[in-house]
Each structure stands twice: as structure tokens, then as C-alpha cells.
Amino acid sequence: MSDVNKISLQQQQSEIERNFPELLAAKEKIEERAGLPPLEDAENGKVVTRFPPEPNGYPHIGHAKAAIIDEEYARMYDGKLILRFDDTNPENERLEYYAAIKVGLDWLGVKYDKVKNTSDDIELIYQKGLELINSGAAYVCTCKQEVISKNRREMKSCKCSILDQNQNNDRWKKMFDKFKAGEAIVRFRGNMSSENTVMRDPVLFRILDGKHPLLGDRYRVWPSYDFAVAIEDNIDGVTHAFRTKEYELRNELYYAILDALKLRKPKMMEFSRLEFKGMPVSKRVLKPLIESGKVSWYDDPRLPTLEALKRRGITPEAIRKFVLSLGFTKADTLAPFDVLESFNRKIVDEQSTRLFMVKNPKKLVVTGLPTSTITIPNHPTKDLGKRNVTVDENFYLSSDDTKDLKPESKIRLMGIGNVQIKTVSDHLTCQYAGDELVEEIPKVQWVSQKNFQKLKIQIPKALFIDDNFNEDSLEEIEVYVEPYYLELKEGSEIQFVRFGYCRKESASLAIFTHR
RNA sequence: GCUCCUGUGGUGUAGUCCGGCUAAGCAUACUGCCCUCUCAAGGCAGUGAUCCCGGGUUCAAAUCCCGGCGGGAGCACCA
């Protein structure tokens, strides 16, 4: 052995090649992958994935991650994607959210092969529940909630668990009329002494009196998430199911339910949650902000909802690239918003009209201008057309650009030519100094006093800083822009030169995307 | 507290299952140069990781084993 180490690596290599060529052949190394990692047990043409949101709110970046992963895998294997509204809790769900989620997916460009609702299958789910009751794998429990959780903690079974099949059947029937909400639940016979608390006889059905957005009050016995997902994934033919990491402990239950019913088991996998720092997703924290007026609505550009991202100028293509770049991992991550921005910038750059914009205007009077019509290209490299601006001797510059100016110094008014400063006071005066491009002369943008437009730009910042609401999270600035702004379509992305990308919201408002 | 998951440069990841090809690839961020009538995009180059720590196995470990530590999650008649 030590002899081996005395010879050089190269010699070792050739030794091996001579004596054991199969060693090298076996190791045809794995190339760097492009997209998501391959799926286990995935057969081309047979993969079925599903995206199962609960219609209880507006879709956000977390939904986007899940949906994109689901779709990518379905595509990767020529399979199918099912959009399934997981609507098993009438107390939380609303009709408008079904629609909002579809709109969001549409915008993202996620195409599904089938839409359905868990609530479509409620009768079938009852059937499966009854089957479990009849096989003794489930029982109806009428203990008080506190008792149940106490028993769970103490790993003790309750008296309901020893009921016989007839008694359980009887109770099951009563759940549909006699029992009131909260008086009875059906529980899966798991294992009260399991270390996984999820397995301590979890809930399969409970009574809920809320009005279901689709079914009204036709039903009041509703399956729990765990039961519904297991059954639905099975009957939908799902082969690979993905969910976020916090569900991981529920896998044991998922498979146990399927086993008890002797049903085929999809492969369940989990990935880390996607959330941006300082951009909460939960309704629990957003709702009060909206109610107090600190945030206008769920499409406020500071939020990570799809609607907000869209208003802010983030493109769906960028979101997809971004999500894919995150990979399929379980590591807890601090999502890199700058990567999203970078993808977005590259996409948006070539479509964005470049406009001049002036912040904190400072007046400039130019003498000797040779022309009164200036033609400016809308993009430095792409052919996005040109625009004409008529000017007189009065201009505005950003005061940032005028700070260092002294008499005699030269600047170049972009698209016009060089000027030489003559006087500096509350306003500047200067003299036209030719059109020759000189590298050292700073180039600044301007607007003409003749025809500028006032515009408000909203600049979204982190909503929260260390769990505290950031009172300065939405900066608003008043600026002057060229009149050409008015001709651009609402919703279009523009770049204010040397400032950054913004999305036109209306004639008087633009939202800052990123720089 | 118990249980589970997780830990690669500032950040996100690839590689980890099947130890050597890589003293670790890519992206982003940052810096510089080129290009440019933008501080954008594009091109090029650079800074930056003893792969959480400590042991062990091995000729060889980010990769396998053991023990720590850090972070997250679950412990609901919500999903």
C-alpha cells in the first residue's frame, strides 16, 4: 500500500488503467445538471404531480415555488400536473381565492392538465373513512379537546378507543346530525406511544358548521388535511407529491393511512419553504397591517404576493428561473432577493425604454443651443424606436448631478451636447460648448422646463426589520420625467437612466423595481 | 422538554447516496478593466470556503462512522 503512494498520481492512474480498466469505466462522472434533480422511480410519461393550495388567501412566492417545481417535474417526465384546491375547511376558504390562485398560476405560466377540488370527492372520502372504522383502524372519539391533547402528551389512549365496531358505526352516523361541532371526531388508530406525535391517534374527520364556498352547508363532516391528502393523492393517480418541510413528520401518517386502506402509495418528498427576509407571507401578520392601513392591500409592492411582485415589475420568467436556481433542498435558507432581481434585470433590460428623470430639480439655463428638437433613442442597443423632445433654454437637472459643478466645469446633457457652466446660484447658467463626445465630461440626464411631467415613484423596502414593522418601508419620491412617459403603456417596464428600473403604474405613479 | 430535519465563500446552490477526476464548480454580491452619450445590459479578470466543530475508518473524506454544537420545524378538531 505505501508503495502505491510513493509513485506519482499519474503513474497510479496508468497502473489502474492497465490492470483494472473497469474501475475507471464505472465512474463516468455525473455532469453538472441543469434543472431540478432527477426523480426516483419516475417513468417517462407516467409521472403525475399535483399542486394542492388551500383557497384561503392570495397566492404568493411560496405558492410559486411549489407550483413551479410541480410543473417542472411533470414536464421533465412528460407527465401531468393536477391543480387541486384543498378545500376541506369551509371556515377558511373563499370563492375569490380559487380564482385568485388560478390567475396567479396563469401569470406565472404554470399550465396544469386538470383542475379539481378535494371537496368534489367528499362522498368518496367518507367511504374510505367508514372503511377504516369498519376495519378497526379508526374510531369516533367524543372526548373533550383538552382531554385529547392531554392524553396525547401522556401517551394514553382514551375510552373511546376501545369501542366496538357497532358503537363506532353508530357514532359515525351521529356525526352527520346529532353531534354538534366539536363533540365528536374520528381518529386514526395510530400509536399513542409513538415518538412522532403526529401518530398519536390523529384526527381524520371533524364537524365544521361553516358554509363551504362551493358546497354551502350540504356537508358538515370534513376530512382533515392528513386524511384528505392521502386519499386524494391516491385517487388522482399522483406518483410524486411534494410539500414543504414542515410536513415532514406527517409522512409516516400519510403512508400509514394508505397502508391501512391497502392503497398505492405515491412518493412524498419535501423542500424548504421559500420566504424573503422582511417580507412576511402569513395572513396572520399581513391582515392587521392592511386593516390599520399601513399596507394598502395584498398587492402592495412590499409584499411577496404574486400580485405585488407583478405590480413591482418582477416578471414570471424571472420567478421561474429564480425558483429553479434555488434547487430542491431541505436546507433552511434566507432567500436571496438580489438573485431574483438579477434574473429580472436581465429579462427586463432589453425591453425597457430608457427615459430621463430628474430628482430634486435644479434649474439650468443654457444659452447658444443650436436646436430646439432633440432626438433620443429609446434604448442604447435594441431598436425600441426614438423619441423627440422639444426644448428651449430652460432645463432641470437632478441636484445630485449639479452639486459639484463650478463655473468653467463642463457637463454633457445627454442627447444634446456639452455645456460649460458660467454661474452657479439658486440656478445654473451655462453656454453650449459643442457636440464632441469627450470621455471625461460627465453625462447627465435632464428634462425640459417646457414639457416635463410630474411623477411619483414608490420605492418598496423591507416591510419588517427584525420583526418590527418598518415605518419607512415605502419611500415615495416626486420626480420630473419626460413627457414621453405618458405615451408608454401602463404596466410597462422602463428604466430611468442612472436611477433604475421602474414599472409604470399610471400616468402619475411608477413603482421602483430594482436598480 | 421530546421528536424529526438541516449545516459547502457575504448570499443561494452543484458535488454528498456510489470516498480519489475538484484543496471544491455555478449564480449572485463586491472590486477592477473593456464596451458604452446611463452608475443598466454585455465581455473579461479578480477578491472570497482548511466544505459547522472534534474524533475515527482509509493509501485517500466535503463525501463513510461516532460524538458534539448551531439553525429550523412539529407536538391543532389549520393547511
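So you know, we letter chains A, B, ... as the sequences are listed, proteins then strands, and number each from 1.
A donor atom on one side chain and an acceptor atom on the other are not found under 3.5 Å apart for A:Asn378 and A:Thr353. A:Thr373 and A:Asn388 form no side-chain donor-acceptor contact under 3.5 Å, judged by distance and modelled atom types alone. Defined by atom type and a distance below 3.5 Å, a donor-acceptor pair is present between the side-chain atoms of A:Tyr501 and A:Asp349. Between A:Thr315 and A:Asn344, the side chains place a donor N or O and an acceptor N or O closer than 3.5 Å (distance only, hydrogens not considered).
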List the atom pairs, donor and acceptor, that lie under 3.5 Å between side-chain atoms in residues 141-150 of chain A and the rest of the protein, sequence neighbours left out.
residue, atom, partner, partner atom, Å
A:Thr142, OG1, A:Arg171, NH2, 3.3
A:Ser149, OG, A:Gln145, O, 3.4
A:Ser149, OG, A:Glu146, O, 3.2

Would you tabulate the pairs of protein nitrogen or oxygen atoms and nucleotide nitrogen or oxygen atoms of nucleotides 31-33 of chain B closer than 3.5 angstrom?
none

Produce the list of close N/O pairs, under 3.5 Å, pairing protein atoms with atoms of nucleotides 27-30 of chain B; give distances to one decimal.
residue, atom, partner, partner atom, Å
B:U28, OP1, A:Lys346, NZ, 2.1
B:U28, O2', A:Asp338, OD2, 3.1

Enumerate all atom pairs, one protein N or O and one N or O from nucleotides 44-48 of chain B, separated by less than 3.5 Å.
none

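Listed by chain and number, the residues in a side chain to side chain donor-acceptor pair (under 3.5 Å) with A:His240 amount to none (sequence neighbours excluded). Remark: A:Glu341 engages no residue in a side chain to side chain donor-acceptor pair (under 3.5 Å) (not counting sequence neighbours). The salt bridge (Lys or Arg N to Asp or Glu O under 4.0 Å) test applied to A:Glu54 returns no partner, not counting sequence neighbours. Residues satisfying the salt bridge (Lys or Arg N to Asp or Glu O under 4.0 Å) criterion with A:Arg250, sequence neighbours excluded, are A:Asp226. Remark: A:Asp120 engages no residue in a salt bridge (Lys or Arg N to Asp or Glu O under 4.0 Å) (not counting sequence neighbours).
Side-chain N or O atoms of A:Tyr219 include none that pairs as donor or acceptor with a backbone N or O of A:His212 at under 3.5 Å.
A cation-pi arrangement is present between A:Lys504 and A:Tyr485, with the terminal nitrogen or guanidinium carbon under 6.0 Å from the aromatic centre and inside a 45° cone about the axis.
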Inset, instruction - Heavy atoms under 4.0 Å is the rule here; annotate nucleotides 66-76 of chain B 5' to 3' with B where the base is hit, S where only the sugar-phosphate is, and - elsewhere. - result: -----BSSSS-

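Rounded to the nearest Å, the gap between the P atom of B:C52 and that of B:G46 is 26 Å.
A distance below 6.0 Å separates the ring centres of A:Phe227 and A:Phe205.
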Inset, instruction - Determine, stepwise, if the pair A:Glu232 / A:Lys116 fulfils salt bridge (Lys or Arg N to Asp or Glu O under 4.0 Å). - result: CA-CA 10 Å; A:Glu232 288 288 283; A:Lys116 63 168 296 193; 2.9 Å; yes

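Contact annotation for A:Ile185: base contact, defined as any heavy-atom pair under 4.0 Å involving a base atom. Among the atoms of the strands shown, none is found under 4.0 Å from any heavy atom of A:Thr381. Using a 4.0 Å heavy-atom cutoff across all strands shown, A:Ser272 reaches no nucleic acid atom at all.
Here the nucleotide nearest the side chain of A:Ala331, chosen from B:A40, B:C5, B:G7, is B:G7. Nearest nucleotide to the A:Arg206 side chain, out of B:A40, B:U11, B:C78: B:C78.
Taking the six-membered ring for Trp and thresholds of 30 and 60 degrees, A:Tyr480 and A:Phe452 have nearly parallel ring planes, at less than 30 degrees apart.
Annotation: proximity of residues 50-63 of chain A to RNA chain B (heavy atom, distance under 4.0 Å) is found for A:Glu54, numbered in ascending order.
In RNA chain B, consecutive stretches of 3 or more Watson-Crick or G-U wobble pairs with both distances under 3.5 Å are given as paired ranges: B:1-7 with B:69-75, B:10-13 with B:25-28, B:30-34 with B:42-46, B:52-56 with B:64-68.
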